[in-house]
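Hydrogens, waters and symmetry mates play no part in the numbers below; they use all other heavy atoms, side chains included. Residue numbering restarts at 1 for every chain, and letters A, B, ... go by the order of the sequence lines. The structure presented is a predicted model; accordingly, all values stated were derived computationally and were not measured.
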There are 2 protein chains.
Amino acid sequence: MDISVLAKHIRLKVDLSDAEIEIVASYFVEKELPKKTILFREGTIVDAIAFVVEGCLRSYSIDENGFEHILQFAPEGWWITDMLSVIKGQKSVLNVESIVDSKVLLLKRSTQDELFDKIPKMERFFRILTENALCATRQRVIEGMSLTAKDRYINFCETYPETVVNHIPQKYVAAYIGVTPEFLSKMRSQLYRS
Amino acid sequence: MDISVLAKHIRLKVDLSDAEIEIVASYFVEKELPKKTILFREGTIVDAIAFVVEGCLRSYSIDENGFEHILQFAPEGWWITDMLSVIKGQKSVLNVESIVDSKVLLLKRSTQDELFDKIPKMERFFRILTENALCATRQRVIEGMSLTAKDRYINFCETYPETVVNHIPQKYVAAYIGVTPEFLSKMRSQLYRS
DNA sequence: CTGATTTCTTAACCTAGGTTATTTCCCATT
DNA sequence: AATGGGAAATAACCTAGGTTAAGAAATCAG
């Protein structure tokens with residue numbers, strides 16, 4: 001199992017020895033996901049969090065009219081799961097699916113506390129990780145209320161890596177910024193003209 | 001300083017002895033906030049998080065057209081700050097203000113790591129707290145994309161305690177659910193009639 | 001390579017929610 | 001009790017973004 005991407009990612013936030021990284025790695029299980037594979041399905045109880053080593057996943061909910069709304073994209077180096085299901089142990093309301101061929105490392109929640117007791121720095125790591133995710137999500141709430149769809153799209157393009165912006169179906173981008181694919185298309189043609 | 005509200009709140013998530021609670025409490029500073037007092041101001045660097053012992057605060061941003069958007073209400077037993085400013089050490093984009101006469105306990109970020117080293121369970125506490133906040137905020141993103149304004153209002157009334165829903169100016173509720181005060185007023189009169 | 005399916009674009013029309021303006025209602029202060 | 005000022009209600013009108021539909025383009029399966 002190649003843990004270099006994971007190790008590099010963790011060491012951005014906390015300082016771990018090679019021996020500690022080995023222990024951490026032993027808690028993860030690798031999984032290959034061909035394009036459009038559902039990793040966690042709505043209605044099940046999710047008991048793991050996924051670190052993306054390669055490829056890109058998305059988490060989304062389906063509303064009562066059948067429309068998909070994307071909560072998160074997770075390209076290489078990002079984490080993804082249905083946190084609510086993991087924390088509360090209740091049925092998931094999100095689907096987590098690979099957009100392209102991907103590889104993830106899975107960490108079971110049930111063993112996470114054990115890992116934290118063995119390597120307290122990992123609890124710190126996840127606290128920091130979660131704080132950052134919280135900030136980003138709150139930022140998104142504010143932007144959803146204060147920006148127009150066009151500004152949200154421009155922001156999206158500036159914020160996400162080029163791999164996400166340009167190699168992902170546009171309908172996913174629309175489902176992320178909160179507009180219909182038709183309206184995104186209209187906005188894009190307006191932006192080209194100017 | 002009365003720490004019973006704080007102690008009770010922490011013990012919902014982690015197990016601390018009375019001695020440990022005493023140590024934790026020694027890291028907090030009490031502050032009284034008369035109605036409409038700004039605790040953290042936009043443009044400054046925020047270096048503390050606030051626990052609400054009594055009253056109710058709100059955090060909000062002001063957009064380029066001068067409109068306020070409320071990110072969070074914090075009634076008794078909740079935490080509030082501008083996390084982004086605290087984490088990144090950069091200038092705050094949020095105001096945090098008391099809505100009614102309030103009392104908060106402040107924890108300086110600069111001493112937080114020291115507290116975590118002394119009482120590791122507090123790091124666990126904040127990790128769990130942050131995970132919960134993240135879930136709630138992500139839920140809000142989804143609702144913002146999939147529900148109508150009327151459903152968001154109904155949800156709001158069902159989710160927040162009666163003290164918040166009924167003792168807060170309606171314009172704040174509007175600024176939280178993402179509509180104008182005029183439109184909230186229209187929705188409410190429609191809901192009464194049915 | 002070809003037909004089938006999904007995605008994207010365009011355009012006409014529609015609606016949820018915003019804007020502006022006026023009136024009424026609270027209160028807090030004097 | 002009078003008065004001044006923000007908060008809420010109402011209503012006429014407006015617009016960002018949604019809906020529907022139909023064709024073009026890209027992607028996929030065989």
*Could you give me the CA-CA distance, side-chain angles and deciding distance for S102(A) and E54(A), then say whether side chain to side chain contact (heavy atoms under 4.5 Å, CB included) is met?*
CA-CA 5 Å; S102(A) 305; E54(A) 182 183 311; 5.9 Å; no

*Applying side chain to side chain donor-acceptor pair (under 3.5 Å), run through Q72(B) and Y60(B) and close with a yes or a no.*
CA-CA 7 Å; Q72(B) 201 196 340; Y60(B) 62 97; over 6 Å; no

*Axis deviation across the helix from dC1(C)-dG30(D) to dT30(C)-dA1(D), five-pair ends, to the nearest 10°*: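 The two end axes of the helix from dC1(C)-dG30(D) to dT30(C)-dA1(D) meet at 60°.
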
Which residues in [range] have at least one heavy atom lying under 4.0 Å from any atom of DNA chain C?
range	answer
residues 158-172 of chain A	P169(A), Q170(A), K171(A)
residues 175-193 of chain A	E182(A), S185(A), S189(A)
residues 143-151 of chain B	T148(B), A149(B)
residues 60-72 of chain A	none

*Check the pair D82(B) / S92(B) against side chain to side chain donor-acceptor pair (under 3.5 Å), numbers first and verdict last.*
CA-CA 7 Å; D82(B) 182 341; S92(B) 160; 3.0 Å; yes

Mind checking salt bridge (Lys or Arg N to Asp or Glu O under 4.0 Å) for [X] and listing every partner two or more places apart, or none if nothing turns up?
X	value
E143(A)	none
R188(B)	none
D117(B)	R124(A)
D113(A)	R127(B)

Close N/O contacts between protein and nucleotides 27-30 of chain D (under 3.5 Å):
| residue | atom | partner | partner atom | Å |
| --- | --- | --- | --- | --- |
| dC28(D) | OP1 | K35(A) | NZ | 2.8 |

*Mind checking who shares a hydrophobic cluster with V46(A), ILVMFWY linked at side-chain heavy-atom distances under 4.5 Å?*
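Same cluster as V46(A): L33(A), L39(A), F40(A), V52(A), L57(A), I80(A), V86(A), V96(A), V104(A), L106(A).
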
*What's in the same ILVMFWY side-chain cluster as I128(B), cut-off under 4.5 Å, chained through other members?*
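Listed partners: none, I128(B) stands alone.
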
*Are F73(A) and Y172(A) an aromatic pair by the rule of ring centers under 6.0 Å?*
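Between F73(A) and Y172(A), the centre distance exceeds or equals 6.0 Å.
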
*So how far is it from D151(A) CG to I177(A) CD1, rounded to the nearest 0.5 Å?*
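Going from the CG atom of D151(A) to the CD1 atom of I177(A) covers 10.5 Å.
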
*Closest heavy-atom contact between V164(A) and F156(A)?*
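Shortest heavy-atom separation between V164(A) and F156(A) comes out as CG1-CZ, 4.2 Å.
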
*Are E123(B) and K121(A) close enough for a salt bridge, meaning some N to O gap below 4.0 Å?*
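The answer is no: the pair does not qualify as a salt bridge.
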
_cation_pi(R140(A), Y176(A)) dist<6.0 Å, angle<=45_ =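 Yes, cation above the ring, under 6.0 Å and within 45°.
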
*asked:* If you apply the rule side chain to side chain donor-acceptor pair (under 3.5 Å), what do you find for H9(A) with W79(A), and how did you get there?
replied: CA-CA 11 Å; H9(A) 173 76; W79(A) 299 81; 2.8 Å; yes

*Between Q190(A) and R193(A), is a side chain to side chain donor-acceptor pair (under 3.5 Å) present by the stated rule, with each step listed?*
CA-CA 5 Å; Q190(A) 273 172 24; R193(A) 261 172 249 146; over 6 Å; no

*Consider only side-chain N and O atoms of E114(B) and Y27(B), and report whether a donor and an acceptor are under 3.5 Å apart.*
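The criterion, which ignores hydrogens and geometry beyond distance, is satisfied for Y27(B) and E114(B).
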
